[in-house]
Enquirer: 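Structure provided below as C-alpha cells; questions to follow.
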Amino acid sequence: MNSFKTQGVCAKEILFDIKDDKIENVQFVNGCPGNTLGLAQVLIGMPVDEAINRLAGIDCKGRGTSCPDQLAQALKNHQNVAKK
C-alpha cells in the first residue's frame with residue numbers, strides 16, 4: 001500500500017493501491033468520513049490518469065487544495081516514482 005502525507009487538508013494521510021494503472025483501494029486517514037469514503041468507492045477501478053484529471057485543482061474552503069486534490073498529487077507522485 002502506498003502512503004502520502006497530505007498538506008493543508010483535514011485528512012492527514014492517504015493510503016492507496018494501484019494495480020495495472022487502476023486504483024484498487026483508497027483510504028483517507030481522518031477527514032470528512034462520508035465524503036472520503038464516498039470518493040474512495042467511486043474511484044475503485046478508475047484509471048490513474050482519469051482520476052488525476054478529475055480531481056486535480058479541486059479547492060476546499062479557499063485552502064488552495066482539498067482531499068481530492070491531495071489524492072491527485074499522491075497519484076502524480078506515484079506515477080513519477082514508477083517511471084524511475
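As a basis for the values below, the full set of heavy atoms in this structure was taken, side chains included, without hydrogen atoms, waters or symmetry mates.
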Enquirer: Tell me, which pairs form a ring pair (Phe, Tyr, Trp, His ring centres under 6.0 Å) where one or both residues lie in residues 19-73, sequence neighbours left out?
Expert: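 Sorted pair list comes back empty.
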
Enquirer: For residues 62-77, which side-chain N or O atoms pair as donor and acceptor with protein atoms under 3.5 Å away, sequence neighbours left out?
Expert:
| residue | atom | partner | partner atom | Å |
| --- | --- | --- | --- | --- |
| Thr65 | OG1 | Asp69 | OD2 | 2.6 |
| Thr65 | OG1 | Gln70 | NE2 | 3.0 |
| Ser66 | OG | Ile58 | O | 2.8 |
| Ser66 | OG | Asp69 | N | 3.1 |
| Asp69 | OD1 | Gly57 | N | 2.7 |
| Gln70 | OE1 | Gln7 | N | 2.9 |

Enquirer: If the condition is side-chain contact (heavy atoms from CB on, under 4.5 Å), which residues does Ala40 pass it with, not counting sequence neighbours?
Expert: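 Ala40 satisfies side-chain contact (heavy atoms from CB on, under 4.5 Å) with Val26 once adjacent residues are dropped.
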
Enquirer: What pairs meet the ring pair (Phe, Tyr, Trp, His ring centres under 6.0 Å) rule with one or both residues in residues 48-76, with sequence neighbours excluded?
Expert: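 Non-adjacent pairs meeting ring pair (Phe, Tyr, Trp, His ring centres under 6.0 Å): zero.
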
Enquirer: Return each pair, listed once, that meets side-chain hydrogen bond (donor to acceptor under 3.5 Å, both in side chains) where at least one residue sits in residues 28-47; pairs must be two or more places apart or across chains.
Expert: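 Not a single pair qualifies under side-chain hydrogen bond (donor to acceptor under 3.5 Å, both in side chains).
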
Enquirer: Measure the shortest side-chain to side-chain distance between Asn2 and Val81 over non-hydrogen atoms and say whether it is less than 4.5 angstrom.
Expert: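 Contact flag for Asn2/Val81 side chains = no.
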
Enquirer: What pairs meet the salt bridge (charged side-chain N to carboxylate O under 4.0 Å, His left out) rule with one or both residues in residues 42-61, with sequence neighbours excluded?
Expert: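 Listed once each, the pairs are Glu50-Arg54.
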
Enquirer: Would you list the pairs meeting salt bridge (charged side-chain N to carboxylate O under 4.0 Å, His left out) in which at least one residue belongs to residues 10-38, sequence neighbours left out?
Expert: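 Matches after skipping sequence neighbours: Lys5-Glu13.
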
Enquirer: Per the salt bridge (charged side-chain N to carboxylate O under 4.0 Å, His left out) rule, what does the pair list look like for residues 30-39, sequence neighbours excluded?
Expert: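 Listed by first then second residue: nothing to list.
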
Enquirer: Quick test of your reading: applying ring pair (Phe, Tyr, Trp, His ring centres under 6.0 Å), list the pairs with at least one residue in residues 46-84, sequence neighbours left out, ordered by first then second residue.
Expert: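 The answer is Phe16-His78.
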
Enquirer: According to a 4.5 Å side-chain heavy-atom criterion applied to Ile, Leu, Val, Met, Phe, Trp and Tyr, with indirect links allowed, do Leu15 and Ile23 form part of one hydrophobic cluster?
Expert: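 No.
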
Enquirer: Going by ring pair (Phe, Tyr, Trp, His ring centres under 6.0 Å), name the pairs with one or both residues in residues 52-77, residues two or more places apart or in two chains.
Expert: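 Non-adjacent pairs meeting ring pair (Phe, Tyr, Trp, His ring centres under 6.0 Å): zero.
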
Enquirer: Output the rest of the hydrophobic cluster of Val9: all Ile, Leu, Val, Met, Phe, Trp and Tyr residues reachable through side-chain heavy-atom contacts under 4.5 Å, sorted by chain and number.
Expert: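 In the cluster with Val9 there is nothing else; it is isolated.
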
Enquirer: Which pair of heavy atoms, one from Val42 and one from Met46, lies closest together, and at what distance?
Expert: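 Looks like O-CE, 4.2 Å.
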
